[in-house]
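Shown next, in structure tokens, is the structure this report addresses.
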Amino acid sequence: GGMRFTRAYCANPLCVPSRTSIFTGRYPHEHGKQINETRQIDADEFPNIGMVLRKAGYTTGYFGKWHLPYPFKKSTADKSGYDQTFDALDFEKAAPTIEFIEKNRSKPFFVVFSLMNPHNICQYGRSQPLPDGDIGEVPPAEKCPPAPANLEKAKNQSDALEALWQARLRAKFQDTDKRMFAPLELWGADDWRKYRWAYYRMIKLADKQMGKVLSTLRELKLENDTVVIFTADHGDGIGAHRWAQKNMFYDECARIPFIISQKGTTKTGTSEFLVNNGLDIMPTICDYAGVSAPPKCKGLSLRQIAEGASPAQKRQYVACSTHFVQDLREDGTPIDMQGRMIRTENFKYY
């Protein structure tokens with residue numbers, strides 16, 4: 001029912017760096033998070049969205065996956081940015097979120113509903129239990145989605161990408177013999193078809209939980225007064241170029257879903273405007289909330305586009321960065337390779 005931005009990219013296709021950018025409106029090279037580590041950053045220099053809106057008089061709640069460089073558990077609202085926080089398995093998050101909305105329905109509120117799925121595809125690739133919801137038995141390959149058209153690695157793949165791909169074959173999970181990533185070199189097309197089926201089932205589980213929250217807004221007649229932004233911190237390779245998980249600049253990993261919806265206000269449709277969700281969410285939310293974004297934020301408010309108007313300016317490109325540190329070289333030493341991507345309207349350079 002809202003405006004779907006079809007060319008939206010994350011600031012870094014890895015959880016913590018991407019989420020830190022989403023909630024601060026700053027590039028990873030600014031806030032310093034390029035890998036998955038959550039040592040605290042300076043909240044005065046990098047206030048998160050919750051902090052900005054609390055200061056403006058909003059009641060704030062955060063329910064679900066955190067992965068941010070601010071205190072969370074046993075923390076105060078001043079330090080986390082949120083008056084109420086809660087994390088558990090996906091199917092346990094909707095109830096307290098709904099309770100928060102019902103309790104604060106008559107005043108300005110900002111709530112984050114942060115689901116883990118479909119991130120459990122990592123566990124599926126390692127043949128581990130799926131903690132955030134059972135997807136059932138995977139059917140025969142012929143009943144699964146087709147393998148991607150770009151299943152095979154690109155011809156003349158760069159030496160850097162090939163080194164990373166080979167390193168994935170050596171990566172082990174937490175000092176065990178379990179593969180950290182799916183057995184990329186062993187899987188055939190049928191295996192990737194089953195992988196994609198599992199991924200979409202996890203998305204369906206997430207949809208079900210989001211539906212509960214959206215139904216609450218409808219039942220409480222809050223749809224016209226509530227802006228809903230739907231996005232993700234990164235994607236998954238789902239077999240493209242025989243890649244599983246994230247941490248790559250392939251579109252499957254770096255391009256993310258992005259929808260802005262407010263009943264009676266936003267237009268229903270699509271926009272090809274280039275979006276960096278790590279930069280643009282902060283100013284967009286601040287625009288709707290009627291508050292100023294932190295002065296060092298470099299993103300753009302997407303409100304005007306979401307409501308059907310032409311963008312005030314044409315964005316020439318979005319930039320994305322990452323550090324490849326989860327894998328091992330052939331001699332056993334960690335890979336410490338950095339990556340950068342520039343995405344224009346028609347081209348991608350990395």
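When a residue number appears, it is its place in the shown sequence, counting from 1.
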I'd like to check the salt bridge (charged side-chain N to carboxylate O under 4.0 Å, His left out) partners of [X]; sequence neighbours left out, ordered by chain and number.
{"X": "Lys267", "result": "none"}
{"X": "Asp236", "result": "none"}
{"X": "Glu152", "result": "Arg242"}

Pairs meeting criterion side chain to side chain donor-acceptor pair (under 3.5 Å) with involvement of residues 198-210, two or more places apart:
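Residue pairs with at least one partner in residues 198-210: Gln209-Lys212.
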Side chain to side chain donor-acceptor pair (under 3.5 Å) pairs, two or more places apart, involving residues 137-148
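Output for this query is empty, none listed.
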Can you tell me how far CD of Glu45 sits from OG1 of Thr24, rounded to the nearest 0.5 angstrom?
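It is 10.0 Å, given to the nearest 0.5 Å.
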Check this for me, if you would: do [X] and [Y] make a salt bridge, where the nitrogen-to-carboxylate-oxygen distance has to be below 4.0 angstrom?
{"X": "Arg54", "Y": "Asp78", "answer": "yes"}
{"X": "Asp191", "Y": "Lys194", "answer": "no"}
{"X": "Glu345", "Y": "Lys314", "answer": "yes"}
{"X": "Lys65", "Y": "Asp132", "answer": "no"}

Using the test side-chain hydrogen bond (donor to acceptor under 3.5 Å, both in side chains), find all partners of [X] that sit at least two apart in sequence or belong to another chain.
{"X": "Ser114", "value": "Arg19"}
{"X": "Arg343", "value": "Tyr9"}
{"X": "Gln84", "value": "none"}
{"X": "Thr85", "value": "none"}

According to side chain to side chain contact (heavy atoms under 4.5 Å, CB included), who are the partners of Ser310, at least two apart in sequence or on a separate chain?
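Partners of Ser310 under the side chain to side chain contact (heavy atoms under 4.5 Å, CB included) test: none.
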Got a list of side-chain donor-acceptor pairs under 3.5 Å for residues 100-107, not counting sequence neighbours?
residue, atom, partner, partner atom, Å
Asn104, OD1, Lys107, NZ, 3.3
Asn104, ND2, Phe100, O, 2.8

Could you work out the complete set of other residues in the hydrophobic cluster of Tyr317, with links drawn between I, L, V, M, F, W and Y side chains under 4.5 Å apart?
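Besides Tyr317, the cluster holds Ile342.
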Using 30° and 60° as the class boundaries, would you call the ring planes of Phe23 and Tyr62 parallel, tilted or perpendicular?
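Correct class here is tilted.
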